[in-house]
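Here the structure is a predicted model, which means the values were calculated and not measured.
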Amino acid sequence: STVFLHVGQCGNQIGSMFWEEMIKSDDISTHKLTKGSVTIPSTVSYRLLSGSIPCILVDNEPKPVKIFSTNLRKQIISRNVITGQRGSSNNWGSGYRDTEGIFDVVMETMRKTTEQCDCFMGSIIFHSIAGGTGSGLTSRLVESLREQYPLQYIMCVCITPFSTGETALQHYNSLLCLSHLQSYTDCILVLHNDDIMKQSITGRQQSVSLIDM
């Protein structure tokens, strides 16, 4: 089993679309294949033993996690939604130092979630490397996850900022975050905002939605 962490505004925006698509596969995952006298699932279920979605929503302010639909929120354990109140001001240092005091809560929630997995194999983190929470808090999380779960894999799906600029500190945030990811994770999947936008608007004249991206 894998536990998914959605960190920061970008991580939660991607997470809402990701889980909408995953839930659509539920009907497929319940189909059975018969091999001889043994009936086995056609695919491996991603859910916890309780039936809940194995994800943790994290941000230093409450607004980003509200992007998850009501239907999705009902399938997420309530304690797995962890927010602060003020944000990280797009500063890696604020996210890393955990100025909102949510780091310990996230790690304790991670422990409780892994205990509900039939066989915990690792974690996947969705985040941006431009903002303060996505870069700073994620950097601290991968450090601790590597220490707490040394045999389980850590994969990060990170979004790079637009080359034209998103925040004043985006280059510093990106450099510091990527340094930590290289040191503590097993796999880094880098998605470039510029490339995603170009692919999304090809042949389109109207505005592009998040699901298109």
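- Side-chain contact between Y46 and W19 is present, with heavy atoms from C-beta onward closer than 4.5 Å.
- The minimum heavy-atom distance linking L191 with V157 is given by the pair CD1-CG1, 4.0 Å.
- For the residue pair R47/Q75, the side-chain donor-acceptor check at 3.5 Å is satisfied.
- Side chain of S89 to backbone of N91: no donor-acceptor contact under 3.5 angstrom is found.
- Counting heavy atoms from C-beta on, the side chains of Q85 and E61 never come closer than 4.5 Å.
- Closest approach of P62 to G84, counting heavy atoms only: CD-O, 3.2 Å.
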| Y153 and T2: side chain to side chain donor-acceptor pair (under 3.5 Å), yes or no, with the steps? | CA-CA 9 Å; Y153 66 82; T2 300; 2.4 Å; yes
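- Here the SG atom belonging to C156 is positioned 12.5 Å from the CD atom belonging to Q182, to the nearest 0.5 angstrom.
- Hydrophobic clustering of Ile, Leu, Val, Met, Phe, Trp and Tyr side chains at less than 4.5 Å, counting indirect connections, keeps F68 apart from V3.
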| Would E143 and H180 count as a side chain to side chain contact (heavy atoms under 4.5 Å, CB included) if you check the C-alpha gap in whole Å, the side-chain angles of each, and the deciding distance to 0.1 Å? | CA-CA 8 Å; E143 284 184 36; H180 280 73; 2.9 Å; yes
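- A side-chain donor-acceptor contact under 3.5 Å links R146 to the backbone of Y184.
- The main-chain N or O of L48 is never found under 3.5 Å from a side-chain atom of S52 such that the two would form a donor-acceptor pair.
- Between the OG atom of S16 and the NZ atom of K66 there is a distance of 15.0 Å, given to the nearest 0.5 Å.
- Residues that satisfy the salt bridge (Lys or Arg N to Asp or Glu O under 4.0 Å) test with R73, not counting sequence neighbours, are absent from this structure.
- Contact check for L145 versus S123: side-chain heavy atoms found under the 4.5 Å cut-off.
- Put simply, the side chain of C177 does not reach to within 4.5 Å of the side chain of N173, judged on heavy atoms.
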| task | Apply side chain to side chain contact (heavy atoms under 4.5 Å, CB included) to D186 and M155, showing your working. | result | CA-CA 6 Å; D186 300 294; M155 175 180 176; over 6 Å; no
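- The hydrophobic clustering, which links ILVMFWY residues whose side-chain heavy atoms are closer than 4.5 Å, places I102 and I77 apart.
- Residue L72 is grouped with residue I124 when hydrophobic side chains (ILVMFWY) are merged at heavy-atom distances under 4.5 angstrom, including chains of intermediate members.
- Using a 4.0 Å cut-off between charged side-chain N and carboxylate O, E20 and K24 make no salt bridge.
- In terms of hydrophobic clustering, with Ile, Leu, Val, Met, Phe, Trp and Tyr side chains grouped at heavy-atom distances under 4.5 Å, V190 and I125 are assigned to a common cluster.
- Between the side chains of D59 and T83, not a single donor N or O lies within less than 3.5 Å of an accepting N or O.
- For the atom pair CD of Q170 and CG of L175, the computed distance is 12.5 Å after rounding to the nearest 0.5 Å.
- Taking CG of L57 as the start and CD1 of I53 as the end, the distance is 9.0 Å to the nearest 0.5 Å.
- A side-chain contact (heavy atoms from CB on, under 4.5 Å) with V106 is found for one member of D98, I82, V7 and no other, namely I82.
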| query | Should H127 and I159 be marked as a side chain to side chain contact (heavy atoms under 4.5 Å, CB included) after you check the CA-CA gap, both sets of side-chain angles, and the distance that decides it? | reply | CA-CA 6 Å; H127 66 105; I159 309 299; over 6 Å; no
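- For the residue pair T133 / N60, a side-chain donor-acceptor distance below 3.5 Å is found, with atom types taken as modelled.
- Judged as a ring pair (Phe, Tyr, Trp, His ring centres under 6.0 Å), and not counting sequence neighbours, the contacts of F18 are F4, F126.
- In this structure, L141 and M110 have side chains that are not in contact, with every pair of non-hydrogen atoms separated by 4.5 Å or more.
- Here the side chains of Q152 and M121 are not in contact, with every heavy-atom distance at 4.5 Å or above.
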| request: Might you work through the side chain to side chain contact (heavy atoms under 4.5 Å, CB included) test for L176 and S139, ending with a clear yes or no? | output: CA-CA 8 Å; L176 291 167; S139 296; 5.8 Å; no
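- At a threshold of 4.0 Å, the pair R111-E108 counts as salt-bridged, since one of the basic side-chain nitrogens sits closer than that to a carboxylate oxygen.
- Other members of the cluster containing Y172 are L169, with ILVMFWY side chains joined at under 4.5 Å, either directly or via other members.
- Rounding to the nearest 0.5 angstrom, the gap separating the CG atom in L5 from the SG atom in C55 is 8.5 Å.
- One hydrophobic cluster holds both I23 and V81 under the rule that ILVMFWY side chains link at heavy-atom gaps under 4.5 Å.
- Across all non-hydrogen atoms, the minimal contact from S128 to A130 is OG-N, 3.0 Å.
- For the atom pair NE2 of H171 and CD1 of I129, the computed distance is 10.5 Å after rounding to the nearest 0.5 Å.
- Between the side chain of S144 and the main chain of R140, no donor-acceptor pair closer than 3.5 Å is present.
- The backbone N or O of I56 lies less than 3.5 Å from no partner atom in the side chain of N80, so there is not a single donor-acceptor pair.
- Counting heavy atoms from C-beta on, the side chains of E115 and F120 never come closer than 4.5 Å.
- Between I188 and C158 the shortest side-chain heavy-atom distance falls below 4.5 Å.
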